[in-house]
Amino acid sequence: MKRSLGILGLVLTLSLGLVGCSGNDEQKKDDTKDTQSKTEVVELNISAAASLKEAMAEIEKEYAKDNENVKLTVNFGASGSLQQQIEQGAPTDVFISAGKKQMDALDEKDLLIKETNKGLVENDLVLISPKDSKLEGIDGIKNDDVKKIAVGEPESVPAGKYADEVLTNLNVKDQLKDKLVFAKDVKEVLAWVQSGEADAGFVYLSDTVNNDKINVVATTEADTHSPITYPIAVIKDSKKVDEAKKFEDFLLSDKGQTILEKYGYKKIAK
């Protein structure tokens, strides 16, 4: 009888031990799940004007310092092309355009979270030439030795639209129309001028920062083109609205604005 009781006690002890181990295992699984949920990476899809490429590289690094669980995936392109992609359902959380026209078009189609549609920065439009060029002043593009003038496509590239306005307001558009060559975005304009494929081109001042392969011939006068404002907004269909708003707030913060100023952008006057 004593032996039977002893065996029974041993079985109970082992059973309790197994239950305890099972409980510990379950607790460990729960703890692992909590840890994974806390460190789960959130991917934000940013559609940004091509001219922002250099600035965004530093912004990504700076933002990651305090937001290790957020991965920024940036799609650069002409603002008009990005607008069309968003209209066609491309996964986008934040849009940064180089012109209001594209952002306004999305707003009219109710594709934006309205309160997030804000001005981010301003820019200047400049005339550039290859490094070894002797071109002086905007009037110089009328000279016979200037064969090709690179500009962005006015319908899809804001810098191209601003350049078109400048040439129209200076009453030289008709005179120069046979010299104009059209690029898919402002970075292509820059590349053509750098390589000498074009004798001159219109880009943003921000495109020329730390670039020793071109000359900045002239800065266009503000009254010759529309205000160059870069708007930002969160897309209504975003599945990560809170994180998208947080990133927008960072860009509008003193830290974000300081980085953008470093790359030639200007704060919007209050």
Using the side chain to side chain contact (heavy atoms under 4.5 Å, CB included) rule, take L176 and K142 through it: C-alpha gap first, then chi angles, then the decisive distance, then the call.
CA-CA 7 Å; L176 299 175; K142 294 185 286 185; 4.2 Å; yes

Is there a side chain to side chain contact (heavy atoms under 4.5 Å, CB included) between K245 and E115? Walk through the geometry before answering.
CA-CA 10 Å; K245 286 181 177 179; E115 66 269 21; 3.8 Å; yes

Decide side chain to side chain contact (heavy atoms under 4.5 Å, CB included) for D164 and V151; before the verdict, give the C-alpha distance in whole Å, the side-chain angles of both, and the deciding distance to 0.1 Å.
CA-CA 8 Å; D164 185 75; V151 295; over 6 Å; no

Working for side chain to side chain contact (heavy atoms under 4.5 Å, CB included), residues I59 and E62:
CA-CA 5 Å; I59 284 168; E62 192 62 35; 5.8 Å; no

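Dense packing is recorded around NZ of K179, with more than 12 heavy atoms of other residues, nucleotides or ligands lying under 6.0 Å away. Remark: D145 CG is packed, more than 12 non-hydrogen atoms of other residues, nucleotides or ligands lying under 6.0 Å away. At most 12 non-hydrogen atoms from other residues, nucleotides or ligands lie less than 6.0 angstrom from NZ of K71. Crowding of D144 atom CG: a count of heavy atoms from other residues, nucleotides or ligands under 6.0 Å not exceeding 12. Within 6.0 Å of NZ in K148 there are 12 or fewer heavy atoms belonging to other residues, nucleotides or ligands. Residue E58 places its CD atom among more than 12 non-hydrogen atoms of other residues, nucleotides or ligands, all under 6.0 Å distant. Within 6.0 Å of NZ in K187 there are more than 12 heavy atoms belonging to other residues, nucleotides or ligands. Enclosure of atom CD in E68 is not indicated, since only 12 or fewer non-hydrogen atoms of other residues, nucleotides or ligands lie within 6.0 angstrom.
Between Y204 atom OH and L52 atom CG the span is 9.5 Å, to the nearest 0.5 Å. The distance from the CG atom of L251 to the CD atom of Q257 is 8.0 Å, given to the nearest 0.5 Å. Interatomic distance, CD1 of I214 versus CG of D207, reported as 9.0 Å (0.5 Å rounding). Summarising the geometry, atom NZ belonging to K61 is positioned 11.0 Å from atom CD1 belonging to I259; distances are rounded to the nearest 0.5 Å. Rounding to the nearest 0.5 angstrom, the gap separating the CD atom in E60 from the CG atom in L72 is 5.5 Å. In this structure, CD in Q102 is found 5.0 Å from OG in S79, a value given to the nearest 0.5 Å.
L180 and V157 are assigned to two separate hydrophobic clusters, defined by single-linkage of ILVMFWY side chains at heavy-atom distances under 4.5 Å. If you chain together hydrophobic residues whose side chains sit under 4.5 Å apart, L167 and I228 fall into the same group. One hydrophobic cluster holds both F76 and V121 under the rule that ILVMFWY side chains link at heavy-atom gaps under 4.5 Å. Side-chain heavy atoms closer than 4.5 Å link hydrophobic residues (I, L, V, M, F, W, Y) into clusters, and following such links, even through other members, never connects W192 to V186. Residue V181 is not grouped with residue F202 when hydrophobic side chains (ILVMFWY) are merged at heavy-atom distances under 4.5 angstrom, including chains of intermediate members.
With a 4.5 Å cut-off on side-chain heavy atoms, V126 and V217 do not count as touching. Between L190 and N211, some side-chain heavy-atom pair lies under the 4.5 Å cut-off. With contacts defined as side-chain heavy-atom distances shorter than 4.5 Å, the pair I232/V94 qualifies. K255 is listed as a side-chain neighbour of D66, based on a closest heavy-atom distance under 4.5 Å. Using a 4.5 Å cut-off on side-chain heavy atoms (C-beta onward), E221 and V166 make no contact. Counting heavy atoms from C-beta on, the side chains of L120 and Y265 never come closer than 4.5 Å. Residues I138 and T220 form a side-chain contact, since some pair of their non-hydrogen atoms from C-beta on lies under 4.5 Å apart. Contact annotation: the side chain of K131 approaches that of N215 to within less than 4.5 Å [non-hydrogen atoms, C-beta and beyond].
In summary, of the residues considered (D110, D107, D93), a salt bridge (charged side-chain N to carboxylate O under 4.0 Å, His left out) with K236 occurs for D110 alone. E155 pairs in a salt bridge (charged side-chain N to carboxylate O under 4.0 Å, His left out) with only one of the listed residues (K101, K184, K161), which is K101.
A donor atom on one side chain and an acceptor atom on the other are found under 3.5 Å apart for N75 and Q85. A side-chain N or O of Q83 and one of E87 form a donor-acceptor pair less than 3.5 Å apart. Side-chain atoms of N210 and E54 form no donor-acceptor pair, as typed in the model, at a separation below 3.5 Å. A side-chain donor-acceptor contact under 3.5 Å links Y230 and S51.
Of all heavy-atom pairs between D174 and K177, the closest is O-CG, 3.3 Å. Here the shortest heavy-atom pairing between V189 and G201 reads CG1-CA, 4.1 Å. Between A244 and L44 the shortest heavy-atom distance is N-CD2, 3.9 Å. The minimum heavy-atom distance linking L125 with A159 is given by the pair CD1-O, 4.0 Å. The minimum heavy-atom distance between N123 and G264, with the atom names listed, is OD1-O, 3.9 Å. Contact record, A198 with P130: O-CG, 3.6 Å, taken as the closest heavy-atom pair.
A donor-acceptor pair under 3.5 Å is formed between the side chain of D199 and the backbone N or O of K147. Of the possible donor and acceptor atoms, one in the side chain of K240 sits under 3.5 Å from a partner among the backbone N and O of E43.
The hydrophobic cluster analysis finds V42 isolated: no Ile, Leu, Val, Met, Phe, Trp or Tyr side chain comes under 4.5 Å of it, directly or through other members. With side-chain heavy atoms closer than 4.5 Å counting as contact, directly or through intermediates, the hydrophobic cluster containing F95 also holds L82, I86, M103, L106, L111, L112, I235.
Within the 6.0 Å centre-distance limit, the rings of F247 and Y63 are counted as a close aromatic pair.
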